[in-house]
Amino acid sequence: MAVSQPDLDAQGRDWVTAVRRGDVRRCARLITRIEARDETVTPIVQALYRQGGRSAVIGITGPPGAGKSTLVDKLIARYRARSQSVAVLAVDPASPFSGGAILGDRVRMARHNADDGVFIRSMSARGMLGGLARAAGDALCVLDAMGKDVILLETVGVGQSEIDIVRHALTVLIVQTPAGGDAVQAVKAGILEVGDVFALNKADAPGADRAVAALREAVEFRNDPHDANAWRPPIVQTQAPDGIGVDALLEALDGHLAHWRTHPEALRRRRLSQARSVLTDLVRDGLHRRHERGGESAARFAGMLDDLVDRRSDPHAAAARILTGLT
Amino acid sequence: MSAATIRCLLGMLGTDVHSKGIRTLAQLLRDRGVEVIYLGEHNTAAGMVNALLAEDPDVLGLSFSTATYVHYTRELLEKMRAAGVGDVPLMLGGLIHRDDEPELRAMGVRGIFGPGSTTLQILQFLRDVTGKPLPV
């Protein structure tokens, strides 16, 4: 199949070169433009994607206050001790009322600010709807092109959109605490299915052993017991502020990367499933943008809403009409 | 998010631990639709400049409750200029003495919000230096 090359002018090529050289200022500015939905950067991101895919991307999610940022801080220190360069993309929720946000993940990682081998960027989920996964994915392309060995992608895991984001990662680390509820909560949480490695943080709190047992059971159940090649997600107990269990956690994350290396067919399946979700997100986002820009005139759209409220039409029919107009 | 969102980096330098004011400001700004990247206390000038480079905010705000702010601000602005981010507007808040304002302005500080300043003044400053509107 013929695949069109990104339409990159001299200026775009200059950006690509700067990003690949690791020019921090240009990389940061590019991410700002991605967040601002500046479509003129799309050819640059396209070019970066085609040349990328070398960084080990680790997605980290879990409930608010589970200790994700503190664990990330400790992991950064471990990777740096091995002379690996690190990028962090920390996604925080926005206020549903004002759209504003306080992005505070950096506070826990402040000691790495003066380290040129660490690039930390905060991103708000502000009003992005499905576009968040797109913005995060494009930002990851930039971090990857910077040549970072490891990219830590941190999100607060409370909803489907956060799961969509961590799906950009080849290794997903789920952080839970003993306060995460009983076995039923563990099973219905829905994020367990995407976890490759689990950290039971605050393991010094009461109930840690029971929480590990519940997690263990929930995670084991999802596996085919007859498949000897299947990855068995490790569950590591950690106490992030004191660094307890962080070496074991690093070992588990390394182990998962090693598993991908020895199971290329499984890695291929994961990459295909990632590609599918990235592509689906992009199509959905594109439709959403066109719709926002008014595929329908405002008056016609208002008329459709009237028809819905008065039951002259129904949401399925109205949506079908709009989608037909968009394609 | 849209292109019009104001991104504001807030933090403190040195040994100053009186963070109540800047935390309160962070919440007030969030509730006006600003994206606040909060760095907390105990930052070094070099660390803050690196954060500034990576976060690419529209504006930087520092809070001081100790008497060393002239020294710290000068050091930070020098490092910002050396790193090519001297153009990011800088505002100071906290216990900034009136007598020091001319010297700080001469250094390049764009906004000074000492005792008696109001949130509205800070919001007006943000609008003025960024040229972006506030949604709320």
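Side chains included, hydrogens not; waters and symmetry mates left out as well; all remaining heavy atoms used. Lettering of chains follows the sequences in order, A, B, ..., and the numbering in each one begins at 1.
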(request) Please indicate whether B:R98 has more than 12 foreign heavy atoms, meaning atoms of other residues, nucleotides or ligands, lying under 6.0 Å from its CZ. (result) no

(request) Look up atom OG1 in B:T5 and atom CD in A:E35, then write down how far apart they are to the nearest 0.5 Å. (result) 8.5 Å

(message) The criterion is ring pair (Phe, Tyr, Trp, His ring centres under 6.0 Å); which residues satisfy it with A:Y79, sequence neighbours excluded?
(response) none

(request) Determine whether A:F97 and B:D31 make a side-chain contact, defined as any pair of heavy atoms from C-beta on separated by less than 4.5 Å. (result) no

(request) For A:Y49, check ring pair (Phe, Tyr, Trp, His ring centres under 6.0 Å) against everything at least two apart and list the hits. (result) none

(message) Tell me whether B:E101 at atom CD has more than 12 heavy atoms from other residues, nucleotides or ligands lying less than 6.0 Å away.
(response) yes

(request) Flag the pair B:R32 / A:S98 as yes when at least one side-chain heavy-atom distance between them is below 4.5 Å, and no otherwise. (result) no

(request) To the nearest 0.5 Å, tell me how far A:M123 CE sits from B:R7 CZ. (result) 8.0 Å

(message) Which heavy atom of A:I102 sits nearest to which heavy atom of B:Y38, and what is that distance?
(response) CG2-CB, 4.1 Å

(request) Would you mind checking which part of A:D115 comes under 4.5 Å of any heavy atom in chain B, side chain (CB onward), backbone (N, CA, C, O), both or neither? (result) backbone

(message) Would you say CZ of A:R33 has more than 12 non-hydrogen atoms from neighbouring residues, nucleotides or ligands within 6.0 angstrom?
(response) yes

(request) With a 4.5 angstrom heavy-atom cut-off, could you sort out which part of B:Q27 is near chain A: side chain, backbone, both or neither? (result) both

(request) Measure across A:R121 and B:A54 and return the closest heavy-atom pair with its distance rounded to 0.1 Å. (result) NH1-O, 2.8 Å

(request) Quick one: pull up CG in A:L103 and CZ in B:R30 and give me the separation to the nearest 0.5 Å. (result) 11.0 Å

(request) Have a look at A:S122 and tell me which of B:I37, B:L9, B:L39 forms a side-chain contact (heavy atoms from CB on, under 4.5 Å) with it. (result) B:I37

(request) Only one of A:D116, A:V24, A:N113 passes side-chain contact (heavy atoms from CB on, under 4.5 Å) with B:L53; say which it is. (result) A:V24

(request) Working to the nearest 0.5 Å, report the span between CD1 of A:I120 and CD of B:E55. (result) 8.0 Å

